[in-house]
Every structure is written in C-alpha cells, then in structure tokens.
Amino acid sequence: MLSKYYADANVRMRLLEFLGGNSLESVSSVYITADDRSPSVRFDPRPVADLPACLDRGLDLGRSLWDRKFLVAHLDVEHVNFDHPGEAYLEPGRAFEIQRPVIRAIQEILLSHGIVPLHLLSGRGHHFVWQLSRTARAFERLARLGHLCEPVAECYARPHPPTGEVIEHSLGCAFAGLGQVMEYLAQRVLETSAAACQVPLQLTAVETGPGSRGREIVSIDISEYGDPLHTRGIRMPFSAYLKPQQQRGLLGKHFVEALPPLFVIPLHEIDERDGLLVMRDVGEVRALARRASVRIPDHSDAME
C-alpha cells in the first residue's frame, strides 16, 4: 500500500517542497532519513538522491535540520504516557485535546511576532516549522548570540555523512543561538499554558508522578537544540508514520496490527479534529497532497 501511495506525483512533489526544492537536484536539505518497521531504528543519514528508492520501499521519512540555505526552526509538542504508551493512538481525541492550551499559547506567541509556521500533525502531537535565510540580519544576530565550545566546533569542522560536508562556524553558532531563543519560547509557553493543561507540562519527556491515568505529560521537546546540528531531523509531511510499528515490543504486536495506517499531515484548511481523521485515511491524505503546500515558510524578518 505504501509503495503505491508514494507513487502519487502530488505526494512526491510535497516531499520535495519540504526538502527545499522542486527536484532532487535543487533541494537545500543536506540529507534525508528513512526507516522501516524494524525496532532497531538508528541515526542513518542518506543522500537526498536515495529518496526514490526509499519511497519504493514504503519507508518513514525525515529531513535534516541542517540546510544549505536556511536555518530551520522546529518546535515539537506531543502527548507522552509512560505507563500506557499507546494511549495517543488508542484515544487520539483525548491526547490532542490535552495539548490544546499549549498549542494555542505557541500560536499566539509566534503570531505576536509575525510568525505563522507550517503546522504538522503526527501520531502523538504537533510540529511547528519555519526558517530564516542564512543571509538575513536575524541569522547574524543569532550567530553572535550562540557560542560553540571547542569540542563541538572541532566536530562541526569535520566532514559528515552522507555528503562529506562540514558545518560552517557561523551556522553552528547561529544554531546554538537559535537553541537559546527556542528555550526562551518554550519557557514562555510553559508559563502561559501550564495552569490550563490537564496534565503536567514538561520541557522534553520528563517523567512525573502518576495521575488518574498513569504518568502522562505534555512534552515541549527542545532536546534537538542540545544536540549537534548534523544529528537531528524532522519527520516529513506526507510521510508514513511508522513509529507504532517500530515500538511494537513496547505497545504489543496485536495492538499495533489493529491500528490504521498513519501519516504526517499539514493542517491545511482543516481543523485538528478533521486532521486526526484524515491522517488515518490514505485516500484523504492523497487528496490533501493535491492542494496543501508544505514549503517551509521564510520568517527571516519576523525572527529579527
């Protein structure tokens, strides 16, 4: 089913858009990742030229945060239940309802600065993505704000797979500066929405004491900004979402087999409730790909 789905020309065009171009030769993402249903998922960057072969195999796709033209900003919010890890798939309405005060706070804070990010739904939560040009004044200011300790600077100066490229010092510093800004944003969201959230709100997936339905939280995951730029990526919109299959040892084989196929989708002309239905219907996802662009918006001026 997935290889047939990925053969759709509209789906393929949307994947290229999110990679930053209109063809494999023009994209600005440095690499892609592609994982199957195996539980042994590991970081394995692949050349963008491998995309067609990965589509033929029906894989779960991601793109690098590392980009040749832009500094990509990404904020990830998700429901996590350490005692009942399948709850977001079993009761998605509740899992996403719990996140609503957090999502509203993120949107209001970003919009107050003129940032309207690409808004994606995945299996357990939301992704917000935007970017700024590496020639923008905001990039220069972030590069001055950020600091690289010597081991990280040395790491960035070495060639990295899959292309053998290095991370320029200014880009590494700007990513470090962006991490500080994103931590500030996450703290503001925490202050604004924690009281309205039905479960504990944490920065990254930190375990808390049990509530009425176990140890569950809403996580604002900013962990990627604590890792080197070349090691982190973002799940791609219109990709298959195979995380339940990869976690079948945790979730249970029969639980996973009963799930419908899941896809990462943009919230385009639909609300969250409709989005949860669309992402479980391959025909509706293909229809959405005909009308919903997923090019990452450039908010260079707003970031300033």
Counting neighbours of [atom1] on [X] that are heavy atoms of other residues, nucleotides or ligands and sit closer than 6.0 Å, is the number greater than 12?
{"X": "Arg94", "atom1": "CZ", "value": "yes"}
{"X": "Lys69", "atom1": "NZ", "value": "no"}
{"X": "Arg291", "atom1": "CZ", "value": "yes"}
{"X": "Glu150", "atom1": "CD", "value": "no"}
{"X": "His84", "atom1": "NE2", "value": "yes"}

Determine, using the 4.5 Å side-chain heavy-atom cutoff (strictly less than), whether [X] and [Y] are members of one ILVMFWY cluster.
{"X": "Val256", "Y": "Leu90", "result": "yes"}
{"X": "Val285", "Y": "Leu16", "result": "yes"}
{"X": "Phe70", "Y": "Val166", "result": "no"}
{"X": "Ile98", "Y": "Ile217", "result": "no"}
{"X": "Leu61", "Y": "Val41", "result": "no"}

Just by modelled atom types, is the [Y] backbone N or O under 3.5 Å from a matching donor or acceptor in the [X] side chain?
{"X": "Asp83", "Y": "Arg215", "result": "yes"}
{"X": "Ser26", "Y": "Asn22", "result": "yes"}
{"X": "Arg213", "Y": "Asn81", "result": "no"}
{"X": "Gln247", "Y": "Pro39", "result": "no"}
{"X": "Arg46", "Y": "Ala34", "result": "yes"}
{"X": "Arg14", "Y": "Leu288", "result": "no"}

For Phe96 and Gln99: C-alpha separation, side-chain torsions, deciding distance, then whether side chain to side chain contact (heavy atoms under 4.5 Å, CB included) applies. CA-CA 5 Å; Phe96 280 77; Gln99 299 173 58; 4.1 Å; yes

Euclidean distance, [Y] [atom2] relative to [X] [atom1], rounded to 0.5 Å:
{"X": "Asp60", "Y": "Arg37", "atom1": "CG", "atom2": "CZ", "answer": "9.5 Å"}
{"X": "Glu224", "Y": "Asp76", "atom1": "CD", "atom2": "CG", "answer": "7.0 Å"}
{"X": "Ser122", "Y": "Leu262", "atom1": "OG", "atom2": "CG", "answer": "9.5 Å"}
{"X": "Leu171", "Y": "Leu229", "atom1": "CG", "atom2": "CG", "answer": "5.5 Å"}
{"X": "Cys173", "Y": "Ile167", "atom1": "SG", "atom2": "CD1", "answer": "11.5 Å"}
{"X": "Leu19", "Y": "Arg295", "atom1": "CG", "atom2": "CZ", "answer": "10.5 Å"}

Taking all atoms of both residues into account, what is the closest heavy-atom pair of [X] and [Y], and its distance?
{"X": "Leu251", "Y": "Tyr89", "answer": "CD1-CE1, 3.9 Å"}
{"X": "Leu59", "Y": "Ala240", "answer": "O-CB, 4.2 Å"}
{"X": "Pro162", "Y": "Tyr31", "answer": "CD-CB, 3.6 Å"}
{"X": "Pro260", "Y": "Arg280", "answer": "CG-CG, 3.9 Å"}
{"X": "Tyr5", "Y": "Val282", "answer": "CD1-CG2, 3.6 Å"}
{"X": "Leu276", "Y": "Leu121", "answer": "N-CD1, 4.1 Å"}

Is there side-chain contact between [X] and [Y], with at least one heavy-atom pair below 4.5 Å?
{"X": "Leu111", "Y": "Val116", "value": "yes"}
{"X": "Leu185", "Y": "Leu110", "value": "yes"}
{"X": "Ser300", "Y": "Phe139", "value": "no"}
{"X": "Pro237", "Y": "Glu17", "value": "no"}
{"X": "Ile103", "Y": "His119", "value": "yes"}
{"X": "Glu183", "Y": "Gln180", "value": "no"}
{"X": "Thr163", "Y": "Arg68", "value": "yes"}
{"X": "Leu2", "Y": "Phe263", "value": "yes"}

Q) Tyr225 and Phe175: aromatic ring centres closer than 6.0 Å? A) yes

Arg100 bridged to Glu97 by N-O distance under 4.0 Å:
yes

- With a 3.5 Å cut-off and no angle check, do the side chains of Ser219 and Asp221 form a donor-acceptor pair? no

Tabulate below the donor-acceptor pairs under 3.5 Å that side-chain atoms of residues 190-205 make, not counting sequence neighbours, or state none.
{"unit_1": "Thr192", "atom_1": "OG1", "unit_2": "Arg188", "atom_2": "O", "d": "2.7"}
{"unit_1": "Ser193", "atom_1": "OG", "unit_2": "Val189", "atom_2": "O", "d": "2.6"}

Across all chains, not counting sequence neighbours, the ring pair (Phe, Tyr, Trp, His ring centres under 6.0 Å) partners of His79 are none

Practice prompt. Check the pair Ile296, Arg63 against side chain to side chain contact (heavy atoms under 4.5 Å, CB included), reporting the backbone distance first and the verdict last.
Written response: CA-CA 12 Å; Ile296 301 174; Arg63 63 149 288 163; 3.8 Å; yes

Step by step, would you call Leu132 with Leu142 a side chain to side chain contact (heavy atoms under 4.5 Å, CB included)?
CA-CA 11 Å; Leu132 62 149; Leu142 286 171; 4.1 Å; yes

task = Classify the ring geometry between His230 and His160 as parallel (under 30°), tilted (30 to 60°) or perpendicular (over 60°).
result = parallel

Does the pair Gln245 and Leu259 meet the rule for a side chain to side chain contact (heavy atoms under 4.5 Å, CB included), with working shown?
CA-CA 9 Å; Gln245 289 78 11; Leu259 290 176; 5.5 Å; no

